[in-house]
Number of protein chains: 2
Amino acid sequence: MSPRTRRTSIADVARRAGVSVGTVSNVLNRPDRVSPTTRERVEAAIAELSFVRNGSARQLRAGRITTVGAIVLDISNPFFTDVTRGIEERLTADDYTLMVASSDREPEREARYLRLFEEHGVRGVMVVPTGESIDHLLAVRERGIGVVLLDHPSPVDSVSSVAVDDVLGGALATRHLLDQGHTRIAFLNGTHSIRQCADRLEGARRALADAGRDPDAALVEVTVPLDANGGETGIRALLEADDRPTAVFCVNDLVALGALRTLRRAGVSVPDDVALVGYDDVTFAAELATPLTSVRQPRHELGARAADMMLRGTDAPAEHVVFKPELVVRESSTTRAP
Amino acid sequence: MSPRTRRTSIADVARRAGVSVGTVSNVLNRPDRVSPTTRERVEAAIAELSFVRNGSARQLRAGRITTVGAIVLDISNPFFTDVTRGIEERLTADDYTLMVASSDREPEREARYLRLFEEHGVRGVMVVPTGESIDHLLAVRERGIGVVLLDHPSPVDSVSSVAVDDVLGGALATRHLLDQGHTRIAFLNGTHSIRQCADRLEGARRALADAGRDPDAALVEVTVPLDANGGETGIRALLEADDRPTAVFCVNDLVALGALRTLRRAGVSVPDDVALVGYDDVTFAAELATPLTSVRQPRHELGARAADMMLRGTDAPAEHVVFKPELVVRESSTTRAP
DNA sequence: TGACCACATTGAATCGATTCATAACGCGTC
DNA sequence: GACGCGTTATGAATCGATTCAATGTGGTCA
């Protein structure tokens, strides 16, 4: 095996088939302009040499290509997995290809992938921003690359966005817990630099205020990592406290999963001793030891819609879509029938 | 906003800074060879023009880059999500970047992404093959691109691979059910063209044969899609049958999730009426309504190890690693204490 | 027979960054 | 002032596919 032989190029194919490079390129891109005989000859040469187009050269000449990038906060979160699938399905319908990356909620990683995508000449990027500012995204757009904010309302008119009303979601969950008679509610949340977290908190506080409660007194916020382990540490912290809340609202279902596990191990009954509400309504939410009340978001549609905007192109007017979340009540938050 | 202005190039920067293109390139790639004064001047020009390198041109000249591709069967399956994370962590340690794609178990999609990656000039690809043959992957390797088989033992010595012993996994699950006294076992499986499915079946049959049973009589195989809905349809089919098995082995935990849901709705108790075993031991397996017995695979390590082999390069001798799975027994397969 | 047209094919210019042989420069030494 | 050495900077050649004006080849029709 020759380790470092030059990749076979279009010129090699041309030589082999006894035609010019232009003709080979035509076979590849506009087969109808080439006579059947030569086309066959070229195709044979391609097969014999097992030639693969050099995408870099192709793209260098042709400009942008049919690839778009997506940067989500965390691919291992089922919420983003489903959003991604929605994007992908819409894109493949138009023969576009998707490159996905996970920022892990770190602005540096977001910036790094953004640059990588831009250097690769993607048509556009769909980004769940990690930070408060989107200036870096505006800069990308200035350079002619489409930008759609994913799961994030746009702070400026000119940038399209697809979001879900997280303030409403937070309020739905909290109001429900209030309706069940809870007066002290814990909120296992992520850092407020993550917009989704900040908004859901805002919603929770509004629901409390609307009910005539003092949010500062009634809501105990615990900041945790946004996965099952985060739920575990959050609950541990709560269990040690003197004044244990009777209800826990988790900022996503993974956290709720960890919370449920930890409560069960500690011998605390859900929902009898503690009511639990999650967020996202992931596949397994209904099937847990205690079926989980959760706030459902249109994950798939979120992605599909964003992809749709992306495909409209840079010239189309910006659009701003905000979906409404929906509370799905299950056993984890409702007192069991005796 | 100028919609279709040419991207600013290294020549623009050079002009602005009053230097040659070679110098700009040096600032970008070997800053130490440039005097501090000119470097500053060039950097200023880069900032003012908000210049972003054209990756295609860069790569066209330089050859391969530090990107590798991975093609898994289904990113929305938590098993593959975790494998991907393992890969990513290992790669970022060496400053490599990962592009992930999902073949959805379709050979055409696998081939399409493979070509896309190759055209983009990736250093290598890590693939969970969809079909029986890996000839297309050998061809890719002939062209100087690293290939590592993911979750698939290599049929040839020359190609590195990382796998888990699925025959053993199938046997572990089945033996366990036999030990619990079950004599008629259903297997909700995928098509046999998927190696993992074929192997787990093989393992199940061996376990039966070892126990002196006739696999054809004792095992009822139902072919289903590999997600929660698949579990649902599979169980529906079984419930309609006259001779209902007393145990169900599901080829993965998503299928088991759907199975559990459907059994519960049909009023069939797990494990009292039907024992259930899954595969993968995903995060939520322990927290389901009935905690799920499952076969655990070292997902993260699987990915990390594959990435490791990839980084060793094409010249290093091929390696073949086969991890051993492990049965995690929980309530779904063990008769409840009275 | 010659004019004209449709169709096929050619080959050189082009995209933008990198590389490297060469030139320019600064500075100390004899 | 000539020489040599080390440091910087230059610019043309290069990577491989695409594009398009120009050329070539028949074929049809007056």
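Keep in mind it's a predicted model, so treat the numbers as computed, not measured. Just so we're on the same page: letters track the sequence lines, and every chain starts at 1.
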Atom CG of B:D32 and atom P of D:dT8 are separated, to the nearest Å, by 9 Å

At under 4.0 Å between heavy atoms, what does B:S56 touch on the DNA or RNA strands: base, sugar-phosphate, or nothing? nothing

| request: Find out whether B:E108 and B:T130 are in side-chain contact, i.e. whether some heavy atom of one side chain is under 4.5 Å from a heavy atom of the other. | output: no

Against the side chain of B:R61, the closest entry in D:dA17, C:dA17, D:dA9 is C:dA17

Rounded to whole Å, CG of A:L49 lies from P of D:dA17 at a distance of 12 Å

Ranking A:L28 and B:R33 by the position along DNA chain D of their nearest nucleotide, the one closer to 5' is B:R33

task: Name the nucleic acid region contacted by B:S35, choosing base, sugar-phosphate or nothing; use a 4.0 angstrom heavy-atom cut-off, strictly under.
output: sugar-phosphate

Under 4.0 Å, counting only non-hydrogen atoms across every strand here, what does A:V24 touch: a base, just sugar-phosphate, or nothing? nothing

>> salt bridge (Lys or Arg N to Asp or Glu O under 4.0 Å), that's the test. Do A:R16 and A:D12 meet it? Break it down for me.
In response: CA-CA 6 Å; A:R16 175 92 167 210; A:D12 299 323; over 6 Å; no

Checking D:dA17, C:dA17, D:dG11 against the side chain of B:S20 (C-beta onward), the nearest is D:dG11

Is there a donor N/O on one and an acceptor N/O on the other, under 3.5 Å, for the side chain of A:R58 and the base of D:dT18?
no

Result for 5'-nearest mapping on DNA chain D, choosing between A:R30 and B:N26, is B:N26

Side chain proximity check, A:V72 to A:V83, heavy atoms < 4.5 angstrom = no

